Each structure stands twice: as C-alpha cells, then as structure tokens.
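Inspection log for the structure reproduced underneath, given as structure tokens.
None of these values were measured; they are calculated from a predicted model. A, B, ... follow the sequence lines: proteins, then strands. Residue 1 opens every chain.
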Amino acid sequence: MARHTVGSVHELAITESIVDAIVEKIGDGPVAAVRLEIGRLSGVVTDSIRFCFGIVAVGTGLDGARLDIDEPPGRAYCRDCRREFALDDPIMLCDCGSADLDILAGQELRIVSVEVR
Amino acid sequence: MCSTCGCGGEDATTRVTLVEGPEQAQPHGHAHLHDHPHDHDHAHDHDHATRTVLLEQDILAKNDLLAAATRHRLAERSITAINLMSSPGSGKTTLLERTITDIGDRRETLVIEGDQETWLDAQRIRATGRKVVQINTGAGCHLDAEMLGRGLTELDPPDGSLVFVENVGNLVCPALFDLGESARVVIISVTEGADKPAKYPYMFRTADLVLLNKVDLLPYVDFDVDLCLDLIHRLQPDVEMLPVSATRGDGLDAWHEWLANRSAATVLQ
C-alpha cells in the first residue's frame with residue numbers, strides 16, 4: 001500500500017523548539033524566511049518539519065515564513081583503516097566492516113539564520 | 001500540541017502527577033484552555049527589504065542546557081537516574097517492578113513513569129511501595145529534559161537514591177532527547193524482531209546498555225541472539241547486551257551489578 005511517508009512525532013517537538021528559540025532571540029516581529037541545517041544523519045525528517053512548521057508557526061511572527069533547509073550529507077572517519085568517506089546510511093559502517101567511526105558531518109540540527117522584515 | 005483539540009503549549013498537555021496509591025482516581029480529561037489570544041491581523045508590509053539575522057544555534061540547545069543542569073543537580077546529590085527506553089510491550093514495567101523489589105531494600109529507589117496517557121504503570125509501581133511520579137505527555141511521543149526536570153522536582157528524590165525513568169514506549173523519538181540522565185538503557189525482547197537495532201539505529205547508538213528481555217521464551221520464538229548482538233555492535237562496537245528474564249529471573253544479577261557499577265561511576269564524577 002502506497003503511503004505518504006512522514007516522520008515520527010518528534011519532529012513536532014523539534015519544530016516547536018525551532019519556533020521557540022527564534023521568538024526568544026528576535027521577538028514577535030514578522031519573519032520572512034528561516035534557514036535551517038538538518039543533516040542527513042540527524043534522524044529528523046525534513047518533510048515532517050515543513051508540515052509541522054505550518055502548524056506551529058501560527059500565532060507567531062513566523063507565520064507564513066519560508067523555510068529553507070540545507071541537508072548536509074554525512075561524512076565519517078574510520079579509526080581502523082584511517083580513511084574518510086561519504087556516508088548517508090544511518091547504519092554507519094566503513095567498507096572495511098568497522099563501526100568504529102568518528103562522524104564528521106551529517107548530524108547537524110541547527111538554526112542558521114532568519115530573514116526579518 | 002494537544003491531542004484532543006490541537007491547542008499548543010506544553011503546560012496544557014504534559015501532566016506531572018505524584019501517584020499516591022492504586023486507589024487514587026485519575027481525573028478524566030484535562031483542562032483545555034481554548035481562549036488563546038490569537039491575533040491573526042499581522043500587518044504585512046511587503047515593500048520593505050528583509051534583513052538577515054545570524055543565529056547559528058543548535059535546535060536542541062534549550063533541551064541540552066536543561067539536561068546539563070539536571071545532570072549537574074543529580075551528580076551533586078549522588079543520585080543515579082537511569083533512562084529506560086524500548087518499544088511498547090518489551091516488558092519495561094515488569095522489569096522495573098522486579099528490579100525495585102529485588103534491590104529496593106539496599107538503596108532508596110524511586111520511579112518516574114512516562115506515558116502518553118493513564119496512570120496505569122505508575123499504579124503498578126506504587127503497588128510495590130515506592131514513590132512514583134507519572135508524566136503524561138498527551139500527544140508527545142517522548143520525554144524531554146524539561147519534563148524530567150519537572151518530574152524530579154515533584155518526586156524530590158533523597159541524596160544517594162536511584163531513580164528509574166521509564167520513557168514513553170517508542171524506539172524513535174526518545175533517541176534524540178538528552179534528559180540529563182546518568183545512563184541510557186535500551187530494552188528489546190525476544191518476541192520482537194532481532195533486526196530491531198538495524199531498523200532503529202539512532203536509539204541503539206545512544207544506549208549505554210542493551211537488555212535482551214524475555215529470554216525464557218527463546219525456545220518458543222525465532223529470535224537470532226547473535227544477529228541482534230552483531231547489529232548492535234555495528235552501531236556501537238563496545239556496548240554490552242545482557243540477556244534477562246524479568247519474569248523468571250535469568251540474568252538479573254548481572255543487571256544489578258551493572259547498576260551498582262554505573263552508580264559508583266556517577267557518584268565519583
């Protein structure tokens with residue numbers, strides 16, 4: 001059965017954190033756009049953030065704001081074979097079979113900037 | 001956000017209650033405040049140019065700050081808080097009942113129960129005679145640092161005590177939220193698929209310990225213990241998995257020993 005894939009409900013809490021953090025920093029003034037960084041290894045589904053944002057932003061200065069989301073790809077360093085490589089799978093394994101990795105990128109969950117009117 | 005009417009605000013949804021006894025009646029429903037002052041008449045003036053404000057802030061910064069404060073508050077008072085996470089039905093509450101009955105005489109043991117709704121688990125724990133606080137998250141699918149902070153304030157655990165925090169049964173969302181706990185324990189049972197660690201990698205990657213529960217049922221189910229352990233080690237090479245049966249008692253000594261070692265480590269920090 002084909003179903004539209006949405007993430008789990010933690011995206012709602014994440015979106016609430018985003019809106020709260022922005023309002024706390026810049027107040028209730030109107031916001032034209034919000035830029036986020038949500039890494040591909042972060043465990044957060046960006047489609048769900050967009051869906052939740054439309055709901056959570058109502059009644060704040062962020063209502064109707066454009067959401068720009070950068071999704072940095074994953075990068076890891078293998079401590080066994082001492083190699084850096086691209087990684088977009090949440091099961092984090094090096095080609096050599098090792099799971100002993102340093103994750104260098106892809107786990108970002110950040111508010112980068114907002115455009116205020 | 002409220003599951004019933006969609007109104008926002010944590011105070012309207014999360015309920016923290018000290019459950020005094022099994023006979024204590026749970027109020028039906030909760031107060032909904034529908035009179036939010038929504039002002040939909042924003043003046044939109046599209047003629048002005050926009051100005052970019054750099055924030056460069058972690059989305060979970062507020063949660064992580066609260067978690068750090070809780071961790072500090074617990075360490076100062078030599079309190080160990082164990083965050084128990086699993087899918088619904090893995091036997092968390094049964095394991096908890098058994099554990100506090102087995103070791104609760106040696107050390108003051110208290111419980112914070114997290115569920116979307118009902119006081120049922122808190123009442124099971126209360127029946128063992130231990131102090132318990134129920135957090136009902138409403139639509140929420142996980143506990144966060146703010147909820148645990150409120151729960152601890154209500155529970156008021158004494159210095160040197162052991163606090164179990166039973167998270168909402170869910171292998172997805174709790175993975176992302178640091179509560180300020182001393183350790184994170186993930187429970188999987190042999191009646192689930194052995195491939196759960198591969199399906200829910202974020203959760204298993206944050207675990208300090210994995211408990212494999214219901215091992216008394218291993219003869220009757222098709223659960224590949226080696227595969228499960230292998231999948232866990234692909235996520236975290238060094239994490240330990242302890243096989244236990246909360247009903248028959250298998251492996252519980254090793255679990256108690258792990259708790260004692262973890263508590264010692266917490267107190268020394």
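- Of the listed residues (A/S17, A/G43, A/A33), the greatest number of heavy-atom pairs within a distance under 4.5 Å of chain B belongs to A/G43.
- Across A/A13 and B/H142, no two heavy atoms sit closer than the pair CB-CE1, 3.5 Å.
- Closest approach of B/V172 and A/H10 over heavy atoms only: CG1-CE1, 3.6 Å.
- Salt bridge B/R51/A/E115: absent, no basic N to carboxylate O contact under 4.0 Å.
- Taking 4.5 Å as the limit, every side-chain heavy atom of B/R234 sits out of range of all side-chain heavy atoms of A/M92.
- Using a 4.5 Å heavy-atom cut-off against chain B, no residue of residues 71-82 of chain A qualifies as contacting.
- Nearest approach of A/A32 to B/T50, heavy atoms of both residues: CB-CG2, 3.6 Å.
- Interface remark: A/S98 contributes no atoms to any contact with chain B (heavy atom separation under 4.5 Å).
- Side-chain contact between A/L109 and B/L60 is present, with heavy atoms from C-beta onward closer than 4.5 Å.
- Heavy-atom minimum distance, B/Q57 versus A/A21: NE2-CB, 3.6 Å.
- Counting heavy-atom pairs closer than 4.5 Å to chain A, the top residue among B/L176, B/L235, B/N63 is B/L176.
- Within 6.0 Å of CG in B/D222 there are 12 or fewer heavy atoms belonging to other residues, nucleotides or ligands.
- Looking only at heavy-atom pairs under 4.5 Å with chain A, the residue among B/V53, B/D238, B/L54 that has the most is B/V53.
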*Starting from the C-alpha separation in whole Å, work towards a yes-or-no answer on side-chain contact (heavy atoms from CB on, under 4.5 Å) for A/I14 and B/F177.*
CA-CA 10 Å; A/I14 300 269; B/F177 293 85; 4.3 Å; yes
*Output, in order, the C-alpha distance, side-chain angles, deciding distance and verdict of side-chain contact (heavy atoms from CB on, under 4.5 Å) for A/I22 and B/L55.*
CA-CA 8 Å; A/I22 293 173; B/L55 292 179; 4.0 Å; yes
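- With rounding to the nearest 0.5 angstrom, the OG atom of A/S42 is 8.0 Å from the CD1 atom of B/I59.
- For A/L93, the part lying under 4.5 angstrom from a heavy atom of chain B is the side chain only.
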